[in-house]
Amino acid sequence: MRTPRPGESSPRRSEARLTLWIGLTAFWFFAVFNHGHFIGSDEVAIFEMTRAIAERGELAVPALQHTAPGQDGRRYSFFSPGQSVLALPLYFLGDAAQHVLPLDWRRALRGPPNGYGPYVFGGTLAITAVGFFSTLASAGLIALFFRFERRLGTSRRSALIATGLLATSTYVLLMSTYFLRHASEALCLLGAFFLFFRYKESGQLQLLFWGAGLASLAFLLRVPSAFAAPALGAYLGWAIFVRTQRFGQPLRVLRAALVALIPLALALALHATWNQARWGSFLGSPMVDQYARLDNPIYIGLTGFLISPGSSVFVYSPLLLLLPWTLPGFFRRWRAEASAVVGLAVFLLLVYSSFNGWEGLWSAPGPRYLFLWTPMLLLSLGPWLDRP
C-alpha cells in the first residue's frame with residue numbers, strides 16, 4: 001500500500017470520512033420524509049414505554065392495543081423495551097426543546113395534536129424528536145451497507161451507486177419514517193454479519209465480540225430477531241472454523257466461543273429480567289405466545305410476500321428483481337456470505353409466511369417482517385455492478 005505524503009489522508013481515513021458523509025447525507029435525505037408524528041398503534045405502544053421510563057422510571061403503560069395486564073395488575077406492552085430505552089436521549093432532547101424554544105417554533109416543529117382515545121400520535125416535541133429514531137437507524141444502515149460493499153472488494157464507484165439505490169429506491173426509505181423496530185433491527189443484524197465477516201478475514205476477537213453484541217442487541221430490540229440466529233450462527237461457526245484451522249486449535253475455538261457467548265448471555269439475562277418484572281416469567285410473555293400463530297397455510301403468505309400488489313417484497317424494493325443476475329456472481333466470489341444471506345432470506349420467508357398475521361399492515365405498509373431481505377440480499381448489487 002502506498003505511504004501517504006505529508007498532509008495527505010490515508011486511504012483508511014479517507015474511506016471512514018466518506019462513510020461518515022454518506023451517513024449524514026442519508027440522514028438529511030430521510031429526514032425530509034419524516035412524518036413528525038406517529039401513524040400506527042405499534043409506534044404508540046413503543047413510545048409509551050419510552051415515556052414511562054423517562055417520566056416514572058417504570059415500564060407500565062396505558063391500556064392500548066398490544067398491551068396486557070402484567071403480574072402486578074398494571075398493563076405492559078407486548079414489545080421488548082430495547083428500542084424504547086435507546087430512544088430516551090431523543091425523548092429528553094424533545095422534552096427540553098419544549099421548555100426552551102419560542103412558542104412559534106414549538107408549534108411549527110410539533111404540529112397539531114392528533115390521535116384518538118388513549119392514542120396520541122402527535123402534537124408534542126417529544127414525539128417529534130423520537131420519530132427521528134428510525135431516521136438515524138436507517139442512515140446508519142446505509143453507511144454500514146456502503147462499508148460492507150467496500151470490504152467485499154466492490155469499487156468505490158459501484159459501492160456508491162448501490163448504496164444510493166438502496167437509500168432512494170427501496171423499502172429502506174419508507175421504513176425510515178416509522179418509529180418501528182425494523183430499521184434498528186436490520187442495522188444491528190447487518191452490523192453483526194459485517195463484523196463476523198471481518199473476524200473471518202482478520203481473526204481479531206474484538207470484532208467477534210462486538211458482532212455478537214450487535215446480534216444480541218437486535219434480540220433486545222425485537223424478540224423475533226431470534227429467527228436470524230440459525231443463518232448468522234452457521235456463518236459464525238464457519239468463520240471460527242476458518243480462523244482455527246478447521247477446528248484444529250481447540251483453545252482458539254474455546255476462546256472464540258466464549259467471546260461470542262458473553263454478549264448473548266448478558267442479553268438473555270436482561271431479557272429475562274424485563275420479562276420477570278412484567279409477566280412474572282423469565283421466558284413466557286404475550287409476544288412469545290404469538291408463536292402459536294404460526295399455523296397459516298404457507299402458500300398464502302408466500303403468495304402475498306412474493307406476488308401480491310400490496311405486500312410483495314418486489315413492489316417495495318424492486319431492485320430485488322435483479323437477484324437472478326446479481327446472486328450467481330456473488331456466490332462464486334463470496335460463497336459462505338452468499339449462502340448465509342440466501343439461507344437467512346429463505347428461512348425468514350418460510351417462517352413469516354406461516355404466521356397468520358403475515359401481512360402486518362396495521363402499522364406500516366409493505367412486507368415489514370421481511371425488511372431484512374432488502375439490505376442483506378442487495379449486498380450482491382455492488383459486485384454485480386463491477387462486472388466486466
Compute the ring centroids of [X] and [Y], then answer whether they are less than 6.0 Å apart.
{"X": "Tyr178", "Y": "Phe38", "answer": "no"}
{"X": "Phe227", "Y": "Tyr352", "answer": "yes"}
{"X": "Tyr119", "Y": "Tyr116", "answer": "yes"}
{"X": "Trp334", "Y": "Phe197", "answer": "yes"}

Hphob cluster co-occupancy, [X] + [Y], side-chain heavy atoms under 4.5 angstrom:
{"X": "Tyr91", "Y": "Val100", "answer": "no"}
{"X": "Leu93", "Y": "Phe132", "answer": "no"}
{"X": "Phe179", "Y": "Leu64", "answer": "yes"}
{"X": "Leu251", "Y": "Val253", "answer": "no"}

Side chains of [X] and [Y], donor plus acceptor under 3.5 Å:
{"X": "Ser184", "Y": "Gln83", "answer": "yes"}
{"X": "Gln249", "Y": "Thr244", "answer": "no"}
{"X": "Asn296", "Y": "Ser354", "answer": "no"}
{"X": "Ser158", "Y": "Ser155", "answer": "yes"}
{"X": "Glu58", "Y": "Tyr76", "answer": "no"}
{"X": "His37", "Y": "Thr128", "answer": "no"}

Just wondering, do [Y] and [X] contact through their side chains at under 4.5 Å, heavy atoms?
{"X": "Leu236", "Y": "Leu208", "answer": "yes"}
{"X": "Val120", "Y": "Val44", "answer": "no"}
{"X": "Phe30", "Y": "Thr177", "answer": "no"}
{"X": "Phe78", "Y": "Gln290", "answer": "yes"}
{"X": "Ile22", "Y": "Ile142", "answer": "yes"}

**Request:** Evaluate side chain to side chain contact (heavy atoms under 4.5 Å, CB included) for Arg335 paired with Phe330, printing each intermediate quantity in order.
**Result:** CA-CA 7 Å; Arg335 183 164 299 181; Phe330 188 53; over 6 Å; no
Members besides Leu24 in its Ile/Leu/Val/Met/Phe/Trp/Tyr cluster (side-chain heavy atoms under 4.5 Å):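 So far as hydrophobic clustering goes, Leu24 is joined with Leu20, Trp21.
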Practice problem: Fit a plane to each ring of Tyr369 and Phe355, take the angle between them on a 0 to 90° scale, and name the class: parallel (under 30°), tilted (30 to 60°) or perpendicular (over 60°). | Solution: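 Perpendicular: the ring planes of Tyr369 and Phe355 meet at over 60°.
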Is the Phe241 ring parallel, tilted or perpendicular to the Phe247 ring (thresholds 30°, 60°)?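 Perpendicular.
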- Task: Applying side-chain hydrogen bond (donor to acceptor under 3.5 Å, both in side chains), name anything that partners Arg75, two or more places apart in sequence or on another chain.
- Result: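 With neighbours one apart ignored, the set is Thr67.
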Indicate the atoms forming the closest heavy-atom contact of [X] with [Y], along with that distance.
{"X": "Phe196", "Y": "Gly211", "answer": "CE2-C, 3.5 Å"}
{"X": "Ala186", "Y": "Phe371", "answer": "CB-CE2, 3.6 Å"}
{"X": "Leu125", "Y": "Gly94", "answer": "CB-O, 3.4 Å"}
{"X": "Phe314", "Y": "Leu306", "answer": "CD1-O, 3.3 Å"}
{"X": "Leu189", "Y": "Met376", "answer": "O-CE, 3.7 Å"}
{"X": "Ala364", "Y": "Leu180", "answer": "CB-CD1, 3.6 Å"}

Without swapping roles, check the side chain of [X] against the backbone of [Y] for a donor-acceptor pair under 3.5 Å.
{"X": "Thr124", "Y": "Ile127", "result": "yes"}
{"X": "Trp279", "Y": "Gly70", "result": "no"}
{"X": "Glu43", "Y": "Ile39", "result": "yes"}
{"X": "Asn34", "Y": "Thr135", "result": "no"}
{"X": "Arg278", "Y": "Ser77", "result": "yes"}
{"X": "Asn114", "Y": "Gly122", "result": "yes"}
{"X": "Ser317", "Y": "Tyr171", "result": "yes"}
{"X": "Thr154", "Y": "Arg150", "result": "no"}
{"X": "Tyr316", "Y": "Gly310", "result": "yes"}
{"X": "Ser176", "Y": "Leu173", "result": "yes"}

[X] bridged to [Y] by N-O distance under 4.0 Å:
{"X": "Glu337", "Y": "Lys200", "answer": "yes"}
{"X": "Arg151", "Y": "Glu201", "answer": "no"}
{"X": "Arg368", "Y": "Asp42", "answer": "yes"}

Please check if the number of heavy atoms outside [X] that lie under 6.0 Å from its [atom1] is greater than 12.
{"X": "Arg56", "atom1": "CZ", "value": "yes"}
{"X": "Arg332", "atom1": "CZ", "value": "no"}
{"X": "Arg293", "atom1": "CZ", "value": "yes"}
{"X": "Trp210", "atom1": "CH2", "value": "no"}
{"X": "Arg156", "atom1": "CZ", "value": "yes"}

Could you list the donor-acceptor pairs under 3.5 angstrom formed by side chains in residues 377-385, with sequence neighbours left out?
unit_1	atom_1	unit_2	atom_2	d
Ser380	OG	Thr326	OG1	2.8
Ser380	OG	Leu377	O	2.8

Mind running side chain to side chain contact (heavy atoms under 4.5 Å, CB included) on Trp373 and Leu344 for me, showing each step along the way?
CA-CA 8 Å; Trp373 266 44; Leu344 174 62; over 6 Å; no
#### Entry: The single option from Leu294, Ile300, Leu302, Asp295 passing side chain to side chain contact (heavy atoms under 4.5 Å, CB included) against Ile298
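Answer to the side chain to side chain contact (heavy atoms under 4.5 Å, CB included) test with Ile298 among Leu294, Ile300, Leu302, Asp295: Leu302.
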Practice task
Would you check, one step at a time, whether the test salt bridge (Lys or Arg N to Asp or Glu O under 4.0 Å) holds for Glu48 with Arg51?
Solution key: CA-CA 5 Å; Glu48 286 296 341; Arg51 178 155 60 183; 2.5 Å; yes
Item to check | Residue pair Phe305, Ser353: steps toward the side chain to side chain contact (heavy atoms under 4.5 Å, CB included) verdict | outcome: CA-CA 8 Å; Phe305 280 137; Ser353 292; 3.4 Å; yes
Next on the checklist: Just verifying a value: how many Å separate Ser285 OG and Gln276 CD, rounded to the nearest 0.5 Å?
Outcome noted: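 One gets 12.0 Å once the value is rounded to the nearest 0.5 Å.
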Starting at CZ of Phe79, measure out to CE of Met287 and round the result to the nearest 0.5 Å.
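Phe79 CZ to Met287 CE: 5.0 Å, rounded to 0.5 Å.
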- Task: Start with the C-alpha gap between Leu86 and Leu221, add the side-chain angles, then the distance that decides, and say whether side chain to side chain contact (heavy atoms under 4.5 Å, CB included) holds.
- Result: CA-CA 9 Å; Leu86 292 181; Leu221 291 170; 3.7 Å; yes
message = Quick one, Glu185 with Ser225, criterion side chain to side chain donor-acceptor pair (under 3.5 Å). Give me CA distance, side-chain angles, the key distance, then yes/no.
response = CA-CA 7 Å; Glu185 174 197 30; Ser225 294; 2.7 Å; yes
